[in-house]
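Input: a single structure, listed below in structure tokens.
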Amino acid sequence: MYKIYRLVLTILLSAVLSIPVHASTIINGEYSSLPPGPDDDVKEIHYVDDNYERLTDYANGYSLLVPHNLTVDASLSPVVTVLTNDSLRIEIFYDNLSGTPATASDYMSYSNRFISNPRNHTRLYEATYRQNDFTVHRLHWTRPKLMHAPNDKNYYASIELAKNSKEVYTVFIKSATPIENAGKIAGSFTLVPRQGTPQIALPLRRAHTPLNAETRAFYDKYFSPASPQRWGIFEPGAPQTFEKLDILEEQLNYTFPILVRYQSLDENLPILGLNSAYEHGRTVELTLQTSHDFVDSSDAIYDILAGKYDDYFQLYARQLTAFGHPVLFRLNNEMNGDWCSYSAFYYSKDAELYKAMWRHIRRIFDENGVDNVLWVWNPHDLSFPDFKWNHYLMYYPGDEYVDIIGLTGYNTGTYFAGEKWREFDQIYPEIYNEYDRHFAKPFMITEFGSNSVGGDKAAWMKTMFAQIGLLPKIKVAIWWNGIDWDASGQPGRIYILDETEETTAAFRQGLQQFKQD
């Protein structure tokens, strides 16, 4: 976020007309007085009257009125342009659905399904109409104030403007007070000829969590630039019991130093599992998903930010401090998937609340002296729905709150409708290179696997082992050794590595190139 300033373009004209004539120019995410090049990402803000300015985003092809005194953040220009002050936030998105089965109508309908939850959302206004060659859908709603969301803005308006059946612009407004100018903003929206290319301009920072000596040594061993690649595993019984894992590791002639443990809000810190792992010389990737088992958990993010779980997290933090040994803490993974109740799909499509939740829990940990946790932030490689408000970067809480970037992409196979067989090099090189441009952090594959339905799983493993070494920032890769079942209880995605003698042999052979601790 950069401080806004204005350039007086014509002092003489201002004096003659007795009105202020101001403009600001943003080039590639930064306010600038330099002339732009033909490929630059350019946005301009011009004074209109005492209430409004006009923002023109040339790279994304639109122009609209916005209130005065907003700071513009264009650092995620291909995803969103943001305008903010203490009481107002406007996010502007452009979605092109070409190449997908979704239409603009689908986008409008699916994006706003959260409003069907009346416990947390009160609909204030909704209408669909034609205006200025757009099909416009406007939805206004409110929700209760959240004590742990700084400068909480609990009044919303979402303006979706469909250019055609595949292109939609969205102006998403949240305010600390009721929104009365959404109609004027919608009516001011126009298209402009596209010039330049939207660019991401995130600053790359290496901010790091304060760590105790043991955890710092663990980080340096496993996640320093010189660290070799290592392997971890999710085995459903571990780390509570090593009965199955001991047999598997003997078959593979490999000891997995990192184990995955999942938990929901239905239990406190699984201290017995952490202790068991430590006694066996292992470290846990502790995955806390802020949901409840077998019940609707779409309220959970709201409840956390309302303070209803403060006692839970205070105890959790104290227990982590008492444990004292390194923990890879993966909070609310795959948040850009609508199968997760902590996806913004369920709470006003407002990913800022996910970030507020993350930072709130981090503050509680810091207040309790937790210095043995490495924070792992982990989106899915594919966003569901694949709309800009649900883009994975919308959920990033900031470099100072994250230590390790998690990568997750599965070869889901072909059992379920709409899924396809994906080789390793169809998943990981692309997201690796993209994340490498955005984050100055070490990477780990926090969970992944290959189905056996739809292709040759043993061959997939051999190819994966041959290619993963080409991605050196990935310091740990964790195989998810389980099964996803369909609604009738049949195995749909079979990820277990010891499914057959061939898959076990392929994995054993592949592991021979990796360092043993």
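All residue numbers refer to positions in the sequence shown, counting from 1. These numbers come from a predicted model, not from an experiment. Quick note: numbers below take in every heavy atom, side chains included, and nothing from hydrogens, waters or symmetry partners.
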- CA sep, side-chain torsions, deciding dist, call: Y107, F387, ring pair (Phe, Tyr, Trp, His ring centres under 6.0 Å): CA-CA 8 Å; Y107 172 88; F387 301 152; 4.7 Å; yes
So does [X] have more than 12 non-hydrogen atoms from other groups sitting under 6.0 Å from [atom1]?
| X | atom1 | value |
| --- | --- | --- |
| E267 | CD | yes |
| Q426 | CD | yes |
| D311 | CG | no |

Heavy-atom closest pair, residues [X] and [Y]:
| X | Y | value |
| --- | --- | --- |
| N451 | G492 | ND2-O, 3.0 Å |
| S450 | W421 | OG-CH2, 3.9 Å |
| W389 | S111 | NE1-OG, 2.9 Å |
| L248 | L497 | CD1-CD1, 3.7 Å |
| N151 | K153 | O-NZ, 3.0 Å |
| I304 | M357 | CG2-CG, 4.0 Å |

[X] (side chain) donor-acceptor with [Y] (main chain) under 3.5 angstrom:
| X | Y | value |
| --- | --- | --- |
| T463 | A459 | yes |
| R359 | P397 | yes |
| K349 | R113 | no |
| D498 | T504 | no |
| K457 | T503 | no |
| K388 | P78 | yes |
| N212 | G324 | yes |
| S276 | P239 | yes |
| K244 | E235 | no |
| Q263 | L286 | no |

What class does the angle between the rings of [X] and [Y] fall in, given that below 30° is parallel, 30 to 60° is tilted and above 60° is perpendicular?
| X | Y | value |
| --- | --- | --- |
| Y278 | F323 | perpendicular |
| W375 | F329 | perpendicular |
| Y254 | F256 | perpendicular |
| Y342 | Y354 | tilted |

Is it the case that the side chains of [Y] and [X] hold a donor-acceptor pair, with the cut-off being a distance below 3.5 Å and no angle test?
| X | Y | result |
| --- | --- | --- |
| D106 | T103 | yes |
| N390 | Y395 | yes |
| N368 | T321 | no |
| R143 | Y156 | yes |

- Item | Member of F448, F234, Y495 meeting the ring pair (Phe, Tyr, Trp, His ring centres under 6.0 Å) criterion with W479 | F448
- Message: Given the ring of F443, does K473 sit roughly above its face, with NZ or CZ under 6.0 Å from the centre of the six-membered ring and within 45° of the axis?
- Response: yes
- Task: Take Y346 and F114 through the ring pair (Phe, Tyr, Trp, His ring centres under 6.0 Å) test and state the conclusion after the steps.
- Result: CA-CA 5 Å; Y346 296 97; F114 66 87; over 10 Å; no
- Message: Could you go through N378 and E334, starting from their C-alpha distance and side-chain angles, then the distance that decides it, and tell me whether this counts as side chain to side chain donor-acceptor pair (under 3.5 Å)?
- Response: CA-CA 6 Å; N378 180 201; E334 301 180 18; over 6 Å; no
Are [X] and [Y] close enough for a salt bridge, meaning some N to O gap below 4.0 Å?
| X | Y | value |
| --- | --- | --- |
| D299 | K308 | no |
| E249 | R282 | yes |
| E419 | R493 | yes |

- Test side-chain contact (heavy atoms from CB on, under 4.5 Å) applied to N411 and F424, step by step: CA-CA 8 Å; N411 172 30; F424 182 84; over 6 Å; no
How about [X] and [Y]: do any of their side-chain heavy atoms sit closer than 4.5 Å?
| X | Y | answer |
| --- | --- | --- |
| N332 | I301 | yes |
| L146 | L353 | yes |
| S158 | T170 | yes |
| R422 | T412 | no |
| Q467 | E423 | no |
| V476 | I404 | no |
| Q251 | F507 | no |
| E447 | Y262 | yes |

- Start with the C-alpha gap between L331 and T290, add the side-chain angles, then the distance that decides, and say whether side-chain contact (heavy atoms from CB on, under 4.5 Å) holds. CA-CA 8 Å; L331 175 63; T290 58; 4.2 Å; yes
- Given the rule in the side-chain contact (heavy atoms from CB on, under 4.5 Å) test, do E167 and Y94 qualify, once you have shown the distances and angles that lead to the verdict? CA-CA 7 Å; E167 294 179 89; Y94 166 67; 2.5 Å; yes
- Task: In sequence, state the C-alpha distance, the side-chain angles, and the governing distance for Y309 and H148, and then conclude on side chain to side chain donor-acceptor pair (under 3.5 Å).
- Result: CA-CA 11 Å; Y309 286 91; H148 293 309; over 6 Å; no
- Rounded to the nearest 0.5 Å, how far apart are CG of D95 and NZ of K166?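 One gets 12.0 Å once the value is rounded to the nearest 0.5 Å.
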- Query: What is the distance from atom CG of L305 to atom NE2 of H360, rounded to the nearest 0.5 Å?
  - Reply: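 L305 atom CG to H360 atom NE2 measures 7.0 Å (nearest 0.5 Å).
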- Message: Between D486 and Y415, does the side chain to side chain donor-acceptor pair (under 3.5 Å) criterion hold? Intermediate values first, please.
- Response: CA-CA 9 Å; D486 69 12; Y415 182 89; 2.5 Å; yes
- Go through R89 and D350 one step at a time and tell me if the salt bridge (charged side-chain N to carboxylate O under 4.0 Å, His left out) criterion holds. CA-CA 11 Å; R89 180 180 179 92; D350 185 0; 5.8 Å; no
Aromatic centroids of [Y] and [X] separated by under 6.0 Å:
| X | Y | answer |
| --- | --- | --- |
| Y110 | F345 | yes |
| W231 | F465 | yes |
| Y435 | Y392 | yes |

- Message: Just to verify, which of V82, T197, N60, I200 counts as forming a side-chain contact (heavy atoms from CB on, under 4.5 Å) with S77?
- Response: N60
- Between L211, D371, N372, which is the residue that forms a side-chain contact (heavy atoms from CB on, under 4.5 Å) with R216?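 Going through L211, D371, N372 one by one, the side-chain contact (heavy atoms from CB on, under 4.5 Å) with R216 is satisfied by L211 alone.
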